[in-house]
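I have placed the structure first, in the form of structure tokens, so that the comments after it can refer back to it.
Every chain is numbered from 1, with letters handed out A, B, ... down the list of sequences.
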Number of protein chains: 2
Amino acid sequence: MSNTSILLAEDDPNLGMLLSKFLRAKGFSCTLAVDGEIAYQEFTNNAYDFVILDVMMPKKDGFAVAKDIRGIDKETPILFLTAKSMKEDKLKGFELGADDYLTKPFSMDELIARVNAILKRTNTKEENHLYPIHHYLFDYNTRILSFQGNEQKLTTKECELLKILAQNIGKEVDRNDLLKAVWGDDNYFNGRSMDVYITKLRKYLNQDEKVEIVNIHGKGFKLMVK
Amino acid sequence: MSNTSILLAEDDPNLGMLLSKFLRAKGFSCTLAVDGEIAYQEFTNNAYDFVILDVMMPKKDGFAVAKDIRGIDKETPILFLTAKSMKEDKLKGFELGADDYLTKPFSMDELIARVNAILKRTNTKEENHLYPIHHYLFDYNTRILSFQGNEQKLTTKECELLKILAQNIGKEVDRNDLLKAVWGDDNYFNGRSMDVYITKLRKYLNQDEKVEIVNIHGKGFKLMVK
DNA sequence: ATTCTCTGTTAAAGAAAGTTAAATAATTCC
DNA sequence: GGAATTATTTAACTTTCTTTAACAGAGAAT
């Protein structure tokens with residue numbers, strides 16, 4: 001990851017400058033917005049990897065900014081700063097999609113620790129594994145294979161198998177490679193098991209005439225779109 | 001805080017004994033593991049407040065141990081010991097969630113200083129274990145899982161289980177790792193017990209359509225947000 | 001053509017996980 | 001300390017997933 005850019009919305013100029021300097025010293029790039037409206041404008045105009053919002057701000061409070069940001073972006077982590085540890089505030093913040101919450105006064109190290117913790121957490125989140133197979137759509141994460149609205153839930157083995165085939169549409173995948181990737185071992189019995197799964201996948205995929213899993217005798221399988 | 005227990009993984013018996021004796025003399029309780037595998041086993045079986053890992057060890061190196069530990073625990077501080085000051089090693093260690101890094105040779109006092117510094121940092125921030133799970137909010141400290149105002153008090157086992165799952169949203173958590181982390185032992189009966197708890201957690205989490213605990217057959221579970 | 005291996009398919013067996021209720025263990029509260 | 005409450009485990013039964021078995025057909029080799 002290169003340089004993480006943080007948008008900091010804090011109306012107190014002393015604290016704002018202090019925090020932004022500190023964040024820059026820690027290797028982040030940091031932009032300071034002095035009220036909620038400016039913060040939201042700033043967010044829409046530039047790409048930020050992280051947002052820190054003071055809850056109490058003039059013109060537009062932190063919650064309102066968060067709500068607007070979440071209206072257009074569900075991903076970017078948001079951390080709230082608040083003067084008092086009000087429970088309702090806390091809950092409200094999280095309902096709006098906040099990732100964490102820090103009560104003033106807090107130490108600089110604490111802030112960094114939180115920011116890093118959130119970044120670690122959100123970065124490790126699996127990316128979208130979406131595989132379009134002609135008119136089908138296979139979502140590896142949710143394990144759903146959908147075709148014109150109707151959804152088929154796939155099992156673990158079905159998913160693993162289809163994922164590899166879908167990653168190689170039109171290309172032959174070696175039988176033993178498939179076995180090793182999905183079963184970990186390419187012995188005879190796993191091979192027979194895989195054949196059963198190929199049959200199952202073919203059944204799921206037979207709604208679309210143009211989609212087919214073909215066998216290359218003695219070699220492997222190929223998912224193809226005609 | 002009572003007695004801080006340190007897990008030390010060091011394959012050199014001389015250095016290992018020396019360090020563990022020294023740490024004990026400084027008021028810590030210290031367990032010495034002579035290789036990476038034993039270290040990880042030890043970690044899963046007992047509660048440790050701090051982990052010191054030699055990078056180069058037989059069977060399982062320090063990085064591998066750290067990776068496995070972070071698979072089930074994101075909190076416990078990890079300090080690496082390494083022979084040479086390789087920059088890549090350093091980076092790799094930090095990516096795996098290390099808290100600090102010490103290059104051999106180092107003085108005993110230096111080690112103590114680092115350990116104390118990390119403990120101070122991690123302890124003083126009175127860790128707020130708040131885990132947002134889409135529209136749910138799980139507070140590990142108060143053991144409350146809340147959803148739009150209504151709160152569900154969780155039991156110990158429910159909490160431990162949910163914590164690990166929540167720390168790994170979108171990522172598969174190995175069944176045996178979960179068992180070792182929560183029950184201390186991954187035998188069959190604990191497994192059945194865990195299945196019962198998974199059912200309970202699913203019931204708590206079924207108010208939000210987008211939140212789901214999915215099973216990866218023969219592997220483990222995954223808490224996911226669709 | 002015959003034989004052999006590889007794949008296709010279906011059904012049944014086996015294993016893992018889901019669920020509910022009852023039994024046991026641990027806490028809390030008088 | 002003992003009853004009541006709560007937490008956890010065990011048990012029993014169900015469902016789902018995966019493997020194995022059995023048989024049939026296709027393709028390659030002899």
Side-chain angles (χ1 to χ4, degrees), chain A residues 138 140 142-145 151-165 172-206 211-224, chain B residues 138 140 142-145 151-165 172-206 211-224:
Chain A
F138 170 46
Y140 177 74
T142 60
R143 319 214 289 186
I144 286 170
L145 176 67
E151 300 186 337
Q152 172 66 49
K153 192 120 183 53
L154 301 187
T155 71
T156 309
K157 287 268 144 67
E158 290 166 354
C159 271
E160 296 302 320
L161 200 51
L162 185 55
K163 183 174 93 171
I164 297 176
L165 292 173
E172 170 195 326
V173 185
D174 186 79
R175 190 178 167 88
N176 290 324
D177 290 349
L178 266 177
L179 280 167
K180 278 182 200 141
V182 180
W183 275 263
D185 182 6
D186 61 352
N187 67 45
Y188 172 78
F189 294 104
N190 287 339
R192 294 323 332 269
S193 202
M194 179 166 78
D195 290 331
V196 173
Y197 277 99
I198 292 289
T199 298
K200 287 183 180 176
L201 289 179
R202 282 186 176 132
K203 232 170 235 165
Y204 297 146
L205 293 169
N206 74 0
V211 175
E212 194 181 4
I213 297 176
V214 295
N215 171 257
I216 296 99
H217 195 93
K219 294 276 170 54
F221 293 98
K222 177 165 75 169
L223 174 58
M224 54 184 284
Chain B
F138 170 46
Y140 178 74
T142 62
R143 298 174 154 205
I144 286 171
L145 176 67
E151 302 186 338
Q152 172 67 49
K153 187 113 181 61
L154 301 187
T155 70
T156 310
K157 288 266 148 49
E158 289 167 352
C159 270
E160 297 302 319
L161 201 50
L162 185 56
K163 183 174 94 170
I164 297 175
L165 291 173
E172 170 193 326
V173 185
D174 186 80
R175 190 178 167 89
N176 291 324
D177 288 349
L178 266 176
L179 280 167
K180 280 184 200 144
V182 180
W183 276 264
D185 183 7
D186 61 352
N187 67 46
Y188 172 79
F189 295 102
N190 288 338
R192 292 326 328 270
S193 202
M194 179 166 78
D195 290 332
V196 173
Y197 277 98
I198 292 287
T199 298
K200 287 183 181 177
L201 289 179
R202 283 189 175 129
K203 233 169 234 164
Y204 298 146
L205 293 169
N206 74 359
V211 175
E212 194 181 4
I213 298 176
V214 297
N215 170 256
I216 295 99
H217 196 97
K219 294 274 172 56
F221 292 98
K222 176 166 79 167
L223 174 58
M224 56 182 287

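The separation between A/Leu205 atom CG and C/dT9 atom C1' is 17 Å, rounded to whole Å. One atom, CG of A/Asp174, and another, C1' of C/dT7, lie 15 Å apart when rounded to the nearest Å. Rounded to an integer number of Å, the gap from B/Trp183 CH2 to D/dT8 P is 9 Å. One interatomic measurement links the two molecules: CZ of A/Arg143 to C1' of D/dT18, which rounds to 13 Å at whole-angstrom precision. B/Asp185 places its CG atom 16 Å from the C1' atom of D/dT8, with the value rounded to the nearest Å. What separates CG of B/Leu179 from C1' of D/dT9 is a distance of 13 Å, to the nearest Å. If you take CG of B/Asn187 and P of D/dT9, they are 10 Å apart, rounded to a whole angstrom. Counting to the nearest Å, the C1' atom of C/dT7 and the CG atom of A/Leu201 are 15 Å from each other.
No side-chain heavy atom of A/Phe221 sits less than 4.5 Å from a side-chain heavy atom of A/Val214. No side-chain heavy atom of B/Val211 sits under 4.5 Å from any side-chain heavy atom of B/Asn206.
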Write out a two-atom table: protein N or O, nucleotide N or O from nucleotides 17-21 of chain C, distance below 3.5 Å.
unit_1	atom_1	unit_2	atom_2	d
C/dA17	OP1	B/Gly218	N	3.1
C/dA17	OP2	B/Arg175	NE	3.2
C/dA17	OP2	B/Arg175	NH1	3.3
C/dG18	OP1	B/Arg202	NH1	2.9
C/dG18	OP1	B/Arg202	NH2	2.7
C/dG18	N7	B/Arg192	NH2	2.9
C/dG18	O6	B/Arg192	NH1	3.2
C/dG18	O6	B/Arg192	NH2	3.3
C/dT20	OP2	B/Lys203	NZ	3.1

Show the distances under 3.5 angstrom between N or O atoms of the protein and N or O atoms of nucleotides 25-28 of chain C.
none

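B/Asn190 places no side-chain N or O within donor-acceptor distance of the main-chain N or O of B/Trp183, the cut-off being under 3.5 Å. Side chain of A/Arg202 to backbone of A/Glu212: no donor-acceptor contact under 3.5 angstrom is found. Using a distance-only test at 3.5 Å, with no hydrogens or angles considered, a donor-acceptor pair links the side chain of A/Glu158 to the main chain of A/Thr155.
In the model, B/Thr156 has a side-chain atom that pairs as donor or acceptor with a side-chain atom of B/Arg143 under 3.5 Å.
Rounding to the nearest 0.5 Å gives a distance of 4.5 Å between CG of B/Asp195 and CZ of B/Arg192. Here B/Leu162 contributes atom CG and B/Ile213 contributes atom CD1; the two are 7.0 Å apart, rounded to the nearest 0.5 Å. Taking NZ from B/Lys219 and CG from B/Asp174, the interatomic distance works out to 9.0 Å, rounded to the nearest 0.5 Å.
Between A/Leu161 and A/Met194, the closest heavy-atom pair is CD1-SD, 4.0 Å.
One end of the helix from C/dA1-D/dT30 to C/dC30-D/dG1 points its axis 30° away from the other end's axis, with each axis taken from 5 pairs and the angle rounded to 10°.
Relative to the ring axis of A/Tyr140, A/Lys163 places its NZ or CZ within 45° and under 6.0 Å from the centre.
Residue contacts shown for B/Phe189 are limited to sugar-phosphate atoms, with no base heavy atom under 4.0 Å away. At the heavy-atom level, B/Thr155 lies under 4.0 Å from the strands shown only through sugar-phosphate atoms.
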